[in-house]
Amino acid sequence: MAFPTPRRAVILPGLAVVAAATDVVSYLGLGHVFTGNMTGNTALLGIGIATGKAGAALRSLCALGAFVLGAFASGLLPSGRRLLASCLAIELVPLAAWFGWWAALGGPAHGAPRFGFIALAGVAMGLQAGAVTRLGVSGVTTVFITGTMTSLVVDLSTRLHGARLRRQSRLGHVLQALVLASFLAGAVATGFTSNGEGAGAVLIPLAMLAIVVPAAYVLPPEDESAAD
């Protein structure tokens with residue numbers, strides 16, 4: 001699927017902020033683990049196993065399992081014009097629980113409760129990743145940005161000799177750039193907020209998602225049901 005509507009530009013950059021903020025809070029506050037970026041998290045799992053750091057390996061494994069569970073759940077939702085909005089509304093539940101629990105404790109948990117935090121964030125990111133995947137926007141992801149960056153750079157470089165990637169467009173490039181910039185902005189903002197450990201930092205992804213969900217309902221992509 002190409003980039004059929006500017007409505008994507010309203011929703012996807014906001015989701016990039018959600019993912020970046022969640023990963024920053026998880027990395028800084030939950031023992032150096034990623035709950036959205038499963039490429040980096042898998043590398044951390046390997047490092048934990050290789051260095052004999054059982055705690056680090058278990059945290060990464062918990063995030064992987066929770067992410068898979070969330071992504072699997074996103075695939076169970078029926079297709080339709082409001083598939084994305086419905087999935088993101090469900091994502092609000094674990095993120096709200098994450099924020100409420102964090103605020104109640106006054107900071108990140110340690111020991112066994114830490115795995116609960118990791119699981120909530122991982123499920124939320126899995127739901128988001130699955131929803132965007134089913135949306136089917138070519139060359140754009142929000143939970144991790146390696147693919148988005150690669151698609152943008154490669155298409156721009158191939159245009160230098162008169163070629164172009166199939167299904168790419170100038171509107172697509174703008175959207176990709178917005179997603180990349182939003183991801184970075186979300187990471188920086190969250191990093192500055194209590195070093196990723198205060199409740200204010202956890203509020204960033206929840207607040208952004210609370211803005212994105214109504215937008216997804218009001219401005220559903222007209223071809224969303226065709227994404228499957």
> Are Val17 and Phe183 close enough, and set up right, to give a side-chain contact (heavy atoms from CB on, under 4.5 Å), and what steps lead you there?
Replying inline: CA-CA 5 Å; Val17 172; Phe183 195 97; over 6 Å; no
Should [X] and [Y] be counted in the same cluster of Ile, Leu, Val, Met, Phe, Trp and Tyr side chains packed under 4.5 Å apart?
| X | Y | answer |
| --- | --- | --- |
| Trp101 | Leu92 | yes |
| Ile118 | Met38 | yes |
| Phe34 | Leu28 | yes |
| Phe72 | Leu120 | no |
| Val202 | Leu105 | yes |

With a 4.5 Å limit on heavy-atom distance, are the side chains of [X] and [Y] in contact?
| X | Y | result |
| --- | --- | --- |
| Val24 | Phe192 | no |
| Val18 | Leu95 | yes |
| Tyr217 | Ser86 | yes |
| Ser182 | Leu12 | no |
| Leu77 | Arg134 | yes |
| Thr35 | Val25 | no |
| Glu91 | Val213 | no |
| Val33 | Tyr27 | no |

Gap separating the [atom1] atom of [X] from the [atom2] atom of [Y], nearest 0.5 angstrom:
| X | Y | atom1 | atom2 | value |
| --- | --- | --- | --- | --- |
| Leu203 | Phe99 | CG | CZ | 4.5 Å |
| Gln128 | Thr133 | CD | OG1 | 10.0 Å |
| Met208 | Thr22 | CE | OG1 | 11.5 Å |
| Thr190 | Ile204 | OG1 | CD1 | 3.5 Å |
| Leu127 | Leu88 | CG | CG | 9.0 Å |
| His32 | Ser26 | NE2 | OG | 11.5 Å |

Taking all non-hydrogen atoms of both residues into account, name the closest pair between [X] and [Y] and its distance.
| X | Y | result |
| --- | --- | --- |
| Leu84 | Ala131 | CD1-CB, 3.7 Å |
| Ala129 | Phe67 | CB-CZ, 3.6 Å |
| Leu83 | Pro78 | CD1-O, 3.7 Å |

Hey, is the main chain of [Y] close enough, under 3.5 Å, to the side chain of [X] for a donor-acceptor pair?
| X | Y | result |
| --- | --- | --- |
| Ser74 | Ala71 | yes |
| Asp23 | Asn37 | yes |
| Trp98 | Phe117 | yes |

Using residues 55-64 as the side-chain source, report each donor-acceptor pair under 3.5 Å to any protein atom, sequence neighbours left out, with the distance given to one decimal.
{"unit_1": "Arg59", "atom_1": "NE", "unit_2": "Gly31", "atom_2": "O", "d": "3.1"}
{"unit_1": "Arg59", "atom_1": "NH2", "unit_2": "Gly31", "atom_2": "O", "d": "3.3"}
{"unit_1": "Ser60", "atom_1": "OG", "unit_2": "Asn41", "atom_2": "OD1", "d": "3.4"}
{"unit_1": "Ser60", "atom_1": "OG", "unit_2": "Ala56", "atom_2": "O", "d": "3.3"}

